[in-house]
**Q** 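Provided herewith is a single structure, encoded as structure tokens, for subsequent inquiry.
Not measured: the values here are computed from a predicted model. For the single chain, residues carry numbers from 1 onward in sequence order.
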Amino acid sequence: SVTGPLTYLPFGAGPRLCIGRDLALMEAPLVVAALAHVLLARPLRPTSVLPDFGVTLRPKGGLPASLVRRRRR
């Protein structure tokens, strides 16, 4: 496997680096945490997740899941 600072480039690199990168990197974990607080993701079928390398990194064949509201305690 190839690793390094330029292995995964969702925001580009160098002089053409995305202007919204820092905001996205700060905001995304907050959004995921807020959603995870009220929703639970369940895979629709058991599977191994394999990477699909392209312009972005994604799960090969997708990752079908259902979202269900968490019960209040």
**Q** Do you know the tightest heavy-atom contact between P29 and A24?
**A** CD-O, 4.3 Å
**Q** Under 4.5 Å between side-chain heavy atoms, counting indirect links through other Ile/Leu/Val/Met/Phe/Trp/Tyr residues: same cluster for F11 and M26 or not?
**A**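 No; tracing contacts between hydrophobic side chains, which count when under 4.5 Å, never links both residues.
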**Q** With a 6.0 Å cut-off (strictly less than), is the heavy-atom count around CG of L67, excluding the residue itself, greater than 12?
**A**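 Yes, enclosed.
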**Q** For D52, check side-chain contact (heavy atoms from CB on, under 4.5 Å) against everything at least two apart and list the hits.
**A** R58, K60
**Q** Please give me the minimum heavy-atom distance between P59 and L63, naming the atom from each residue.
**A**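 Here P59 and L63 meet closest at CG-CB, 3.9 Å.
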**Q** I'd like to check the side-chain contact (heavy atoms from CB on, under 4.5 Å) partners of L44; sequence neighbours left out, ordered by chain and number.
**A** P64, S66
**Q** Could you tell me which non-hydrogen atom of R70 sits nearest to which non-hydrogen atom of H37, and how far apart they are?
**A** CD-O, 3.4 Å
**Q** Following the transitive rule for hydrophobic clusters with a side-chain heavy-atom cut-off under 4.5 Å over Ile, Leu, Val, Met, Phe, Trp and Tyr, establish whether L17 and L25 coincide in one cluster.
**A**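 Shared cluster, yes.
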**Q** Do the side chains of L39 and V32 join up, straight or via other hydrophobic residues, at under 4.5 Å, putting them in one cluster?
**A**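 L39 and V32: separate clusters.
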